[in-house]
Trainee: 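One structure coming up, written as structure tokens, with questions to follow.
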Amino acid sequence: MKLYENARSGNCYKVKLLLSQLGKPFEVVHVELEGDRPAPVAEGNPIGRVPTLVLDDGTHLGESNAILLYLARGSAFLPDDPIEQARVHQWMFFEQNLHEPNIAVVRRWVHIDHNADQQGDVFAVKKAGGEAALATMDRHLQRHAFFAGERYTVADISLYGYTHVAHEGGFDLGAYSAVKEWLARVKEQPGHVPM
Ligand SMILES: N[C@@H](CCC(=O)N[C@@H](CS)C(=O)NCC(=O)O)C(=O)O
């Protein structure tokens, strides 16, 4: 398998983390966030972004969470029980709807593009959205060790991607003690690799 990715992307890191924990060999191909994208990303992935995973038979897959769900089939990282599986999906949709578009975007402006001061009122809106997402996670984690099925799944991998680097966007995790404890639990999982 070949993973087209950028090392500063939490979306790409999610896929590298799961592949590592599954013990699946893969080759990494670096792609710049700005600029020309190689054909497998620009043409093979209809969305034209990274991560793009190219399977050994030439199949191209895009969207980090779709890739996670594909790779996790039949493994301990995706429960078979329909309700538990729906809860995995629930948190992964939350991640793409209310978490990543706020926390990852604020981090990109602050930490990567250094243009937060050019974002006008949108910056405060995105920052507040990120805080709300962290508060939602914290409420859940005050009663549960993980997001779905009381065990480590791809829902945790998905949410870990940008939560563990949220401080780079100026989010103070001090207010979210259950999130901080969960981050430590995720880091302790067998086969964990850093971003
Ligand atoms: N929802 C997509 C987001 C993919 C995405 O936006 N990837 C970014 C890197 S994190 C990218 O390719 N950016 C290229 C650009 O900014 O031009 C996913 O979860 O994979």
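Indexing begins at 1, ligand by ligand and atom by atom, following the structure's order. No experiment lies behind these values; they were computed from the predicted model shown.
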Trainee: Report, in ascending order of atom number, the atoms of ligand 1 lying under 4.0 Å from any heavy atom of Pro51.
Mentor: 20 (O)
Trainee: Under a 3.5 Å cutoff, is there a donor and acceptor pairing between the side chains of His99 and Ser158?
Mentor: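 Result is no, nothing qualifies.
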Trainee: Write out the residue and atom name of the closest protein heavy atom to atom 3 (C) of ligand 1, then the distance separating them to 0.1 Å.
Mentor: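 Answer for atom 3 (C) of ligand 1: Asn11 ND2, 3.5 Å.
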Trainee: Backbone or side chain, does any N or O of Arg49 fall under 3.5 Å from an N or O of ligand 1?
Mentor: yes
Trainee: Output the distance between atom NZ (Lys16) and atom CD1 (Ile157), rounded to the nearest 0.5 Å.
Mentor: 13.5 Å
Trainee: Could you tell me how the ring of Tyr160 sits relative to the ring of His164: parallel (under 30°), tilted (30 to 60°) or perpendicular (over 60°)?
Mentor: parallel
Trainee: Is it the case that the side chains of Gln142 and His144 hold a donor-acceptor pair, with the cut-off being a distance below 3.5 Å and no angle test?
Mentor: no
Trainee: Which is closest to atom 20 (O) of ligand 1 by heavy-atom distance: Gly35, Pro101, Ala66, Ser64?
Mentor: Ser64
Trainee: Below 4.0 Å, non-hydrogen atoms only: which portion of Tyr13 touches ligand 1? Side chain, backbone, both or neither.
Mentor: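 No part of Tyr13 is near ligand 1 at this cut-off.
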Trainee: Under a heavy-atom criterion of less than 4.0 Å, does Tyr162 contact ligand 1?
Mentor: yes
Trainee: What part of Arg37, side chain, backbone, both or neither, has a heavy atom within less than 4.0 angstrom of ligand 1?
Mentor: side chain
Trainee: Students often mix this up, so state it plainly: with edges at 30° and 60°, are the rings of Phe123 and Trp109 parallel, tilted or perpendicular?
Mentor: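 Phe123 vs Trp109 ring planes: tilted.
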Trainee: Below a 4.0 angstrom heavy-atom separation, can you tell me which part of Arg108, side chain or backbone, both or neither, approaches ligand 1?
Mentor: side chain
Trainee: Is the shortest N/O to N/O distance between Glu34 and ligand 1 below 3.5 Å?
Mentor: no
Trainee: In sequence, state the C-alpha distance, the side-chain angles, and the governing distance for Val15 and Phe26, and then conclude on side chain to side chain contact (heavy atoms under 4.5 Å, CB included).
Mentor: CA-CA 11 Å; Val15 178; Phe26 62 101; over 6 Å; no
Trainee: Between Glu63 and ligand 1, does any nitrogen or oxygen pair lie at a separation below 3.5 Å?
Mentor: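 Yes; the residue has a nitrogen or oxygen that sits under 3.5 Å from a nitrogen or oxygen of the ligand.
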Trainee: Is Val50 close to ligand 1, meaning an N/O of one under 3.5 Å from an N/O of the other?
Mentor: yes
Trainee: Kindly confirm or rule out a cation-pi arrangement of Arg185 over Phe146, judged by NZ or CZ under 6.0 Å from the six-membered ring centre and within 45° of its axis?
Mentor: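 Yes; both conditions hold, so Arg185 lies above the ring face of Phe146.
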Trainee: Any N or O of Ser9 that comes nearer than 3.5 Å to an N or O of ligand 1?
Mentor: no
Trainee: Under 3.5 Å, is there a donor-acceptor pair between the Ser9 and Asn11 side chains?
Mentor: no
Trainee: Is the closest heavy-atom distance from Leu33 to ligand 1 below 4.0 Å?
Mentor: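 Yes, Leu33 has a heavy atom closer than 4.0 Å to ligand 1.
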Trainee: Check Tyr4 against Val54 and note the closest heavy-atom contact, atom names and distance.
Mentor: CE1-CG2, 3.7 Å
Trainee: Does any N or O atom in Asn65 lie less than 3.5 angstrom from one in ligand 1, N or O only?
Mentor: no
